Amino acid sequence: LLAVIFNSVQVSAFFDGLKTYVDPETEACPDIELLVPVYYFSDYQYSVDSFNLVLDYDPDVLKYDTYLNVQASLLNFGIFEVREVAGRITITYKSSDMPVKIASGALFSLRFDTYSGSTDLNWFEPECIYYMPDHSPNMVYENGTVEILPPMYFKMVQIPEEICPTDTASVYVNVTGGTPPYTEYEWAGSSLLPLSDTIARNLIAYQDYTLIVTDSKGCKHDTTFTVK
């Protein structure tokens with residue numbers, strides 16, 4: 001299956017109110033990498049000594065992969081850690097010597113693999129320790145939902161069913177699932193001559209071919225097959 005970043009859930013952490021949220025009702029394709037960026041915005045540049053964020057989700061729908069794109073100040077002047085256990089991600093930061101001023105913009109990203117179904121992304125009450133507690137903002141948060149779109153399925157039919165090593169054949173594909181209509185059929189191999197989107201002819205025996213189909217939501221499904 002294709003491993004591409006198809007969609008992203010926006011997670012924003014406002015240290016001016018520390019508002020952490022995800023876009024509600026985000027849709028994502030199955031069997032892809034889902035990128036969850038986390039942003040920091042504030043009119044006042046707070047000095048942060050440490051913070052702790054906890055995110056719950058359904059591990060049968062999403063599988064945590066890794067974190068990436070961490071803001072340089074967090075890596076250069078402290079310890080940034082992400083831990084995941086059974087559908088709960090804990091993100092912690094502790095400055096090394098002195099509180100760190102975090103610049104507005106991207107803070108870090110989380111990357112997931114998608115399976116199927118739907119899951120809420122539930123944020124626990126964030127915890128932050130500020131260098132100037134008298135100027136510390138209140139902390140609020142919102143939740144969101146990620147819905148994995150239906151998977152596609154292929155049924156490949158070879159005509160004729162069996163051929164000699166020197167012969168050629170046609171292949172018909174029946175696509176189900178996903179989100180019709182299917183907007184693109186990409187046949188790849190040697191001299192493929194599609195009769196239509198769903199039929200390719202003159203396929204050489206014992207040679208590998210690939211078909212990629214895209215549905216109306218932009219989700220892709222692929223298969224590799226051999227005529228024989």
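Just so you know, these numbers come straight off a predicted model, no measurement behind them. Residue numbers run from 1 in the order of the sequence given.
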Note to self: Do Val61 and Val146 make a side-chain contact, defined as non-hydrogen atoms from C-beta onward lying under 4.5 Å apart?
What the structure shows: no
Note to self: Would the distance check show the side chain of Tyr67 and the main-chain N or O of Glu81 forming a donor-acceptor pair, the cut-off being under 3.5 Å?
What the structure shows: no
Next item on the list: Could you tell me whether the side chains of Tyr57 and Glu84 share a donor-acceptor contact shorter than 3.5 Å?
Entry: yes
Notebook entry, point to check: With a cut-off of 6.0 Å (strictly less than), are more than 12 heavy atoms of other residues, nucleotides or ligands near CE of Met98?
Noted result: no
Notebook entry, point to check: Can you find a pair of side-chain heavy atoms, one from Tyr64 and one from Val82, that are under 4.5 Å apart?
Noted result: yes
Checklist line | Check: Asp208/Thr226 side-chain N/O donor and acceptor closer than 3.5 Å | finding: yes
Next item on the list: Return yes if some donor-acceptor pair links the side-chain N/O of Thr114 with the main-chain N/O of Ile32 below 3.5 Å, else return no.
Entry: yes
Margin query: Checking the side chain of Ser216 only, and the main-chain atoms of Thr179 only, is there a donor and an acceptor separated by less than 3.5 Å?
Written below: yes
Notebook entry, point to check: Taking the side chain as C-beta and beyond, is there a heavy-atom pair between Leu121 and Leu62 under 4.5 Å?
Noted result: yes
Check: Counting distance only, does the side-chain N/O of Trp187 pair as donor-acceptor with the main-chain N or O of Asp197 below 3.5 Å?
Finding: yes
Check: So, the side chain of Asp120 versus the backbone of Asn122: is there a donor-acceptor pair under 3.5 Å, distance only?
Finding: no
Checklist line | Inter-residue atom distance Arg83.CZ - Ile91.CD1, 0.5 Å rounding | finding: 10.0 Å
Check: Any donor and acceptor pair, going by atom type alone, linking the side chain of Thr214 with main-chain N or O of Thr183 inside 3.5 Å?
Finding: no
Notebook entry, point to check: Between Tyr93 and Phe77, what is the shortest heavy-atom contact and its length?
Noted result: OH-O, 3.1 Å
Note to self: How close do Gln158 and Val227 get, counting heavy atoms only, and between which atoms?
What the structure shows: OE1-CA, 3.2 Å
Notebook entry, point to check: Got more than 12 heavy atoms from elsewhere within 6.0 Å of CG, Leu75?
Noted result: yes
Next item on the list: Would you confirm whether Ser95, through its side chain, and Asp49, through its main-chain N or O, come within 3.5 Å as a donor-acceptor pair?
Entry: yes
Notebook entry, point to check: Are Phe154 and Phe225 close enough that their ring centres sit under 6.0 Å apart?
Noted result: no
